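Down below is the structure, laid out as structure tokens.
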Amino acid sequence: MVVTRFAPSPTGYLHIGGLRTALFNWLWARKNSGKFLLRIEDTDLSRNSEDAMKAILEAFDWVGLNYDEEPIYQSKRFDIYKKYIDKLLQEGKAYKCYMSKEELDKLREEQIARGERPRYDRRYRDFKGTPPAGVKPVIRIKAPLDGVIEFEDGIKGKIKIDASEVDDFIIARSDGSPTYNFVVAIDDYLMGLTDVIRGDDHLYNTPKQLVVYNALGFKPPKFYHVPLIHNEKGKKLSKRDGALDVMEYKKEGFLPEALINFLVRLGWSHGDQEIFSIDELLELFDPKDINKSASSYNLDKLLWLNAHYIKNSSNERLVKLLKDFGVDLEESDKIDEILEATKSKAKTLKDLAAEIKKILTEPKEYDKKAIKKAFKGEAKELLEEFLEELKRAKPKTKEEYHNILQDFVAKKEIGFGKIGQPLRVALIGNLSGPGLDEAMYIIGLDEVERRVEKVLEEIE
RNA sequence: GGCCCCUUCAUCUAGCGGUCCAGGAUGCAAGGUUUUCAUCCUUGUCACAGGGGUUCGAGUCCCCUAGGGGUCACCA
């Protein structure tokens with residue numbers, strides 16, 4: 001049985017890098033009919049994990065990720081960690097260190113001044129004397145003094161790190177609270193994890209966690225360190241990089257399946273395939289196909305994917321989605337016409353809403369260049385004549401509008417643009433937009449006449 | 001700086017020693033369809049970081065150099 005997890009720290013919202021990691025874990029668990037667990041890494045009590053959890057679940061819900069069992073909060077498990085700390089202490093695998101923060105800082109400074117790598121000098125590792133008064137000790141774990149710590153990474157292959165790189169790191173602070181690398185190892189083991197897929201930035205934590213596994217006699221899971229997503233500047237995505245909050249994408253009019261498809265293709269691939277449904281991913285995903293190198297966030301591709309998914313969405317769904325963007329088509333009897341006229345122009349739902357409003361609402365102003373371009377020569381007279389034609393024929397269907405236009409062009413022996421351009425400016429205010437027959441049909445005869453009359457006044 | 005990881009078009013990537021004068025996608029450009037715009041279709045543009053090996057043969061294996069990234073807390 002495959003058991004994976006997503007273990008964010010409570011930073012307030014789920015960002016897209018985190019979502020990708022979660023997605024990889026989720027896919028792998030689901031593909032293998034395993035379990036996908038959630039855990040909040042809130043050993044640092046100053047952060048609000050309730051709100052963070054809410055934000056994460058909101059995002060999960062939007063993109064369609066679910067999880068098994070109850071989420072685990074590390075802040076509620078201190079007694080468990082305490083037990084293991086005592087055990088290590090008793091077995092002599094961990095020890096109390098009475099070095100104060102100030103002393104440590106001083107040591108570090110000296111080491112840096114000497115050009116050495118700053119690290120704890122293990123001075124209390126075998127300390128037998130009487131401890132200094134008034135110092136609350138931290139607990140440090142005994143890391144191996146020599147040799148190499150190695151493990152097989154599911155993505156990068158064999159990773160070897162010299163034991164000298166891992167010092168006797170702190171597993172419990174002077175206030176008794178346990179630290180990250182210690183609790184991660186314990187929980188990953190206790191939760192029965194078989195596969196840990198996490199960001200590359202955790203690569204260095206793995207040997208430390210292995211020290212814990214080793215001291216406790218736990219069997220470690222398989223690790224996969226996925227390369228990070230870089231921003232446009234080639235650096236690790238950080239909070240300063242703008243739209244990182246997953247929910248921000250919802251607000252901007254992205255479809256969850258577009259985001260998922262985009263994210264999964266950042267680092268993972270399956271031959272030349274670009275478009276993946278969730279079902280396909282569930283079929284095809286394997287962490288062994290994840291790239292070794294970092295990838296950059298590229299908005300153009302996301303936009304393209306989003307446009308693709310919008311074009312392929314049912315009108316029924318779009319109507320529902322559009323409500324969040326100020327367009328309510330629920331009562332309209334021309335839903336299909338409206339959407340077919342606008343769908344292909346939109347990269348986001350926001351765009352789509354704007355396109356629709358462009359047709360549905362009378363133009364507030366006319367694009368100056370468009371006016372100039374459209375109303376050259378006899379354009380005004382032609383438009384006036386066309387208006388008369390409309391009033392006379394009273395078209396009702398899209399086909400009738402189409403025929404009126406065609407007949408008019410034929411009768412006057414003009415190119416379509418001669419009437420098309422001024423008409424379009426009259427209807428939507430500029431030169432690009434939906435087909436005129438469908439636009440007029442959607443707008444309705446009375447309103448079409450009004451808009452035409454209005455533009456005619458405007459150019460007096 | 002130490003250590004670790006990485007390096008194919010601008011970007012995401014295929015490639016797992018010969019079928020690659022390197023394929024797909026996005027972007028960009030041109031053309032076609034069209035009632036403008038968009039869609040769609042076609043074509044084009046653009047890359048194996050550099051240098052050494054190994055091999056009959058290297059984008060693919062090894063080494064070095066360069067570049068990029070990550071990480072070095074009583075944060076997670």
Side-chain angles (χ1 to χ4, degrees), chain A residues 7-11 40-44 46-47 74 97 99-101 104-105 108 112 115-120 136-140 153 155-157 159-162 164-167 169-181 183-184 199-207 225 227-228 230 232 234-236 262 265-275 291-305 307 311 341-347 351 355 370 374 402 405-406 409 415-417 419-421 423-425 428 430-439:
Chain A
S9 54
T11 51
I40 299 285
E41 318 246 283
D42 56 353
T43 51
D44 181 1
S46 57
R47 295 174 181 175
Q74 292 186 321
C97 168
M99 199 170 177
S100 69
K101 189 95 175 65
L104 229 195
D105 288 343
R108 251 196 280 273
I112 292 170
E116 291 171 19
R117 183 182 163 228
R119 61 203 252 240
Y120 177 62
K136 277 188 168 177
V138 298
I139 315 283
R140 290 180 179 273
D153 186 275
I155 292 169
K156 297 180 187 285
I159 304 287
K160 290 183 186 174
I161 287 167
D162 202 279
S164 65
E165 293 297 318
V166 180
D167 63 4
F169 60 95
I170 293 172
I171 58 174
R173 304 181 182 92
S174 46
D175 66 0
S177 64
T179 59
Y180 174 75
N181 281 117
V183 298
V184 165
D200 216 348
D201 49 345
H202 284 286
L203 194 68
Y204 241 91
N205 289 322
T206 308
H225 289 96
L228 302 175
H230 286 167
E232 275 94 348
K235 301 267 197 241
K236 172 179 169 179
F262 172 69
R265 280 287 286 104
L266 242 37
W268 177 85
S269 62
H270 183 258
D272 284 341
Q273 191 170 345
E274 295 288 346
I275 306 290
N291 260 196
K292 286 180 171 183
S293 52
S295 45
S296 296
Y297 176 87
N298 173 228
L299 187 64
D300 282 333
K301 194 116 180 202
L302 208 209
L303 251 12
W304 172 74
L305 279 164
K311 277 184 289 246
T342 51
K343 248 185 191 179
S344 67
K345 299 180 206 301
K347 288 196 190 296
D351 292 348
E355 283 298 325
H402 182 82
L405 272 169
Q406 295 305 333
V409 167
F416 193 91
I419 182 65
Q421 291 200 333
L423 218 206
R424 184 168 278 111
V425 171
I428 60 169
N430 61 45
L431 291 174
S432 63
L436 291 167
D437 42 10
E438 54 190 353

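Just so you know, these numbers come straight off a predicted model, no measurement behind them. Chain letters run A, B, ... following the sequence lines, proteins first and then strands; every chain starts at 1. Computation of the quantities below employed the complete heavy-atom set of this structure, encompassing side-chain atoms and omitting hydrogens, waters and symmetry-equivalent molecules.
The phosphate of B:C12 (OP1 or OP2) has a side-chain N or O of A:S296 nearer than 4.0 angstrom. Within the structure, a side-chain polar atom (N or O) of A:N291 is placed less than 4.0 Å from OP1 or OP2 of B:A14. In this model, the phosphate group of B:U13 is approached by a side-chain N or O of A:S295 to a distance below 4.0 Å at OP1 or OP2. Taking only side-chain nitrogens and oxygens, A:S432 never comes nearer than 4.0 Å to OP1 or OP2 of B:A38.
In this entry B:C61 has B:G53 as its Watson-Crick or G-U wobble partner, both defining distances falling under 3.5 Å.
Backbone-only contact: A:L266 has heavy atoms under 4.0 Å from sugar-phosphate atoms and none from a base. Contacts of A:R108 with the nucleic acid, taken as non-hydrogen atoms under 4.0 Å apart, involve only primed sugar atoms and P, OP1 or OP2. Residue A:P8 is classed as having no contact, given no heavy-atom separation below 4.0 Å to the nucleic acid. Within 4.0 Å (heavy atoms only), A:G267 reaches sugar-phosphate atoms of the nucleic acid but no base atom. Within 4.0 Å (heavy atoms only), A:K235 reaches sugar-phosphate atoms of the nucleic acid but no base atom.
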Before giving the answer on side chain to side chain contact (heavy atoms under 4.5 Å, CB included), spell out for A:V184 and A:H202 the whole-Å C-alpha distance, their side-chain angles and the decisive distance to 0.1 Å.
CA-CA 11 Å; A:V184 165; A:H202 284 286; over 6 Å; no
Tell me, with the steps shown, if A:K345 and A:D351 meet side chain to side chain contact (heavy atoms under 4.5 Å, CB included).
CA-CA 8 Å; A:K345 299 180 206 301; A:D351 292 348; over 6 Å; no
Kindly indicate, with the supporting measurements, whether the criterion side chain to side chain contact (heavy atoms under 4.5 Å, CB included) is fulfilled by A:L302 and A:Y297.
CA-CA 9 Å; A:L302 208 209; A:Y297 176 87; 4.2 Å; yes
Could you go step by step and tell me if A:D153 and A:L203 meet the side chain to side chain contact (heavy atoms under 4.5 Å, CB included) rule?
CA-CA 9 Å; A:D153 186 275; A:L203 194 68; 4.3 Å; yes
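Comparing B:C12, B:U35, B:G70 against the side chain of A:D437 picks out B:U35 as the nearest. In the set B:U35, B:G69, B:C40, the nucleotide with an atom closest to the side chain of A:H230 is B:G69. Between B:U71, B:A76, B:C74, one nucleotide has an atom nearer to the side chain of A:K236 than all others, and that is B:U71. Considering only side-chain atoms of A:K345, the nucleotide from B:C37, B:G70, B:U35 that sits closest is B:C37. Considering only side-chain atoms of A:H402, the nucleotide from B:G70, B:U35, B:C74 that sits closest is B:U35. Of the candidates B:G2, B:U13, B:A76, B:U13 carries the atom nearest the A:S269 side chain, counting heavy atoms from C-beta on.
What separates CD of A:Q74 from P of B:A76 is a distance of 9 Å, to the nearest Å. Rounded to whole angstrom, the span from the CD1 atom of A:I170 across to the P atom of B:C72 amounts to 14 Å. Atom-to-atom, CZ of A:F262 to P of B:C12 comes out at 10 Å; the value is rounded to the nearest Å. In this structure, A:H225 places its NE2 atom 12 Å from C1' of B:U71, rounding to the nearest Å. A:R140 places its CZ atom 10 Å from the C1' atom of B:A73, with the value rounded to the nearest Å. Look at CZ on A:F169: it is 17 Å from P on B:U71, rounded to the nearest Å. Rounded to whole Å, atom C1' of B:U7 lies 15 Å from atom CG of A:L228. Atom CD1 in A:I428 sits about 8 Å away from atom C1' in B:C37, given to the nearest Å.
Here, B:A47 and B:C62 have their C1' atoms 24 Å apart, quoted to the whole Å. If you take atom P in B:C21 and the same atom in B:A58, they sit 13 Å apart, rounded to whole Å. On the C1' atoms, B:U8 is 8 Å away from B:A22, given to the nearest whole Å. On the C1' atoms, B:G67 is 14 Å away from B:G51, given to the nearest whole Å. Remark: the separation of the C1' atoms in B:G32 and B:A38 is 16 Å, to the nearest Å. Taking the C1' atoms as reference points, B:U65 lies 13 Å from B:U7, given to the whole Å. Using C1' as the reference atom, B:U43 and B:U60 are 31 Å apart when rounded to the nearest Å. Straight-line distance between the P atoms of B:U13 and B:C4: roughly 25 Å, to the nearest whole Å.
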Could you go over nucleotides 63-65 of chain B and give all protein N or O partners under 3.5 Å, atom names and distances?
none

What are the atom names and distances for every N/O pair under 3.5 Å that joins the protein to nucleotides 3-6 of chain B?
unit_1	atom_1	unit_2	atom_2	d
B:C3	O2'	A:Y204	OH	2.7
B:C3	O2	A:Y204	OH	3.2
B:C5	O2'	A:K156	NZ	2.7

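Projected onto RNA chain B by closest heavy-atom contact, A:K311 and A:H270 fall at different nucleotides, the more 5' of which corresponds to A:H270.
Atoms NE2 and CG, on A:H230 and A:L266 in that order, are 11.0 Å from each other to the nearest 0.5 Å.
One N or O on the side chain of A:R119 and one on the backbone of A:S164 form a donor-acceptor pair closer than 3.5 Å. Remark: the backbone N or O of A:S293 is not paired with any side-chain donor or acceptor of A:N291 at under 3.5 angstrom.
Defined by atom type and a distance below 3.5 Å, a donor-acceptor pair is missing between the side-chain atoms of A:N298 and A:S296.
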Classify every nucleotide of nucleotides 21-29 of chain B by which part a protein heavy atom approaches to under 4.0 Å, writing B for the base, S for the sugar-phosphate alone and - for neither, in 5'-to-3' order.
--BBBSS--
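Side-chain atoms of A:K101 stay outside donor-acceptor range of the base of B:C74, with no qualifying N/O pair under 3.5 Å. Applying the 3.5 Å distance criterion, the base of B:C74 shares a donor-acceptor pair with the side chain of A:S174. Residue-to-nucleotide contacts include no donor-acceptor pair under 3.5 Å from the side chain of A:S9 to the base of B:A76.
In summary, A:K156 and A:D200 engage in a salt bridge, as defined by a charged side-chain N under 4.0 Å from a carboxylate O.
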